[in-house]
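Notes for the one structure printed next.
Numbers here simply count residues along the sequence, with the first being 1.
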Amino acid sequence: MESYITTDNMLQNCEGIRPYDGTDSTNSAIAYQKGDILLSNIRPYLKKIWQADRDGSCSPDVLVLRPDSEKVDERFLYYSLRRDVFFDFIMNEAGTRGVKMPRGNKDGIIQYRIILPNMEEQRRIANEILHYDELIADAKDIMAGCDLRKQVILDKYLK
């Protein structure tokens with residue numbers, strides 16, 4: 001079930017996914033493919049979005065967006081949707097249903113417009129953003145180990 005995605009294992013603030021730890025008792029699922037963009041349709045203000053790095057299946061509460069590769073670079077589209085302005089659009093202009101756990105309006109969401117430069121420029125922009133994403137991921141890895149290294153020093157010198 002490593003490739004099963006639900007709104008529960010999608011991380012807030014565009015942070016991707018974590019492994020699915022639920023049961024295998026799902027009675028309906030939607031197929032997705034590598035490169036597809038998965039968007040949680042429940043509580044869109046949590047900004048749960050992920051670009052699939054594998055094929056798999058997802059809960060019906062997750063929208064699967066499949067870019068037309070002849071018109072848009074999939075990474076460019078992902079980065080275009082990963083912005084606050086997109087999530088604000090879902091919450092305000094596209095419309096939502098429900099108060100406690102609002103759901104995005106699928107028909108409204110697909111009306112979102114992005115500026116599409118030529119394919120070469122889309123790829124250049126996506127590559128530049130990807131470069132910074134990699135730097136951020138490296139920095140997060142370093143930061144994750146800092147608490148442990150700090151504690152080792154404290155234990156060593158401040159017994």
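- Within a 6.0 Å sphere centred on CD of E120, heavy atoms belonging to other residues, nucleotides or ligands number 12 at most.
- One hydrophobic cluster, built from ILVMFWY side chains closer than 4.5 Å, holds both V85 and L39.
- Heavy-atom minimum distance, I90 versus G104: CG2-CA, 4.2 Å.
- Within the model, atoms CG of N105 and CZ of R97 stand 6.5 Å from one another, a figure rounded to the nearest 0.5 Å.
- Expressed to the nearest 0.5 Å, how far CG of D61 lies from OG1 of T7 amounts to 5.5 Å.
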Discussion item. Let's go through I30 and V62 carefully: what are the C-alpha distance in whole Å and the side-chain angles of both, what is the deciding distance for side chain to side chain contact (heavy atoms under 4.5 Å, CB included) to 0.1 Å, and is it a yes or a no?
Written reply: CA-CA 8 Å; I30 310 296; V62 176; over 6 Å; no
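- Rounding to the nearest 0.5 Å places CG of D84 at 12.5 Å from CE of M91.
- Side chains of E121 and I125 form a contact here, defined as non-hydrogen atoms less than 4.5 Å apart.
- Note: the hydrophobic cluster containing V72 also contains Y78 (ILVMFWY, side chain heavy atoms under 4.5 Å, direct or indirect links).
- Between S40 and W50 there is no side-chain heavy-atom pair separated by less than 4.5 Å.
- A donor atom on one side chain and an acceptor atom on the other are not found under 3.5 Å apart for Q151 and D147.
- Looking at F76 and P67, their side chains never come closer than 4.5 Å, going by heavy atoms from C-beta outward.
- Taking the side chain as every heavy atom from C-beta outward, P102 and R43 approach each other to under 4.5 Å.
- Using modelled atom types, no side-chain atom of R123 and backbone atom of R75 make a donor-acceptor pair closer than 3.5 Å.
- Between the side chain of K47 and the backbone N or O of F87, no donor-acceptor pair lies under 3.5 Å.
- At a threshold of 4.5 Å between non-hydrogen side-chain atoms, the residues Y79 and L130 count as touching.
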Discussion item. Please evaluate residues Y4 and S59 with respect to the criterion side chain to side chain contact (heavy atoms under 4.5 Å, CB included), reporting the C-alpha separation (whole Å), side-chain torsions for both, the decisive distance (0.1 Å), and the verdict.
Written reply: CA-CA 8 Å; Y4 185 69; S59 154; 3.7 Å; yes
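- Note on I142 and Y132: separate hydrophobic clusters, where clusters join Ile, Leu, Val, Met, Phe, Trp and Tyr whose side-chain heavy atoms are under 4.5 Å apart, directly or indirectly.
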Worksheet item: Run the side chain to side chain contact (heavy atoms under 4.5 Å, CB included) check on I37 and E74 step by step: do they pass?
Response: CA-CA 8 Å; I37 299 165; E74 62 190 25; 5.9 Å; no
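- Surrounding CD1 of I115 are at most 12 heavy atoms belonging to other residues, nucleotides or ligands under 6.0 Å away.
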Worksheet entry | Derivation of the side chain to side chain contact (heavy atoms under 4.5 Å, CB included) call for Y112 and L81 | CA-CA 9 Å; Y112 185 72; L81 300 180; 3.8 Å; yes
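- Considering CD1 of I109 and CD of E93, their distance stands at 12.5 Å, rounded to 0.5 Å.
- At distances below 3.5 Å, not a single donor-acceptor pair connects side-chain atoms of N41 with backbone N or O atoms of R103.
- Side-chain atoms of N9 do not come within 3.5 Å of backbone N or O of I17 as any donor-acceptor pair.
- In this structure, I5 CD1 and R18 CZ are separated by 10.0 Å, a value rounded to the nearest 0.5 Å.
- A salt bridge links R66 to D36: one of the charged nitrogens lies within less than 4.0 Å of a carboxylate oxygen.
- A distance of 7.0 Å separates CG of L65 from CD1 of I49, quoted to the nearest 0.5 Å.
- Of all heavy-atom pairs between M101 and I42, the closest is CE-CG2, 3.4 Å.
- The nearest pair of heavy atoms linking A29 to S57 is CB-CB, 3.8 Å.
- Taken together through direct or relayed side-chain contacts under 4.5 Å among Ile, Leu, Val, Met, Phe, Trp and Tyr, I114 and L63 form part of one hydrophobic cluster.
- Ion pairing between a basic and an acidic side chain is recognised when a charged N comes within 4.0 Å of a carboxylate O; D133 and R82 show such pairing.
- Grouping the Ile, Leu, Val, Met, Phe, Trp and Tyr side chains by contacts below 4.5 angstrom, directly or via other members, places F89 with L77.
- The main-chain N or O of G35 is found under 3.5 Å from a side-chain atom of Q51 such that the two form a donor-acceptor pair.
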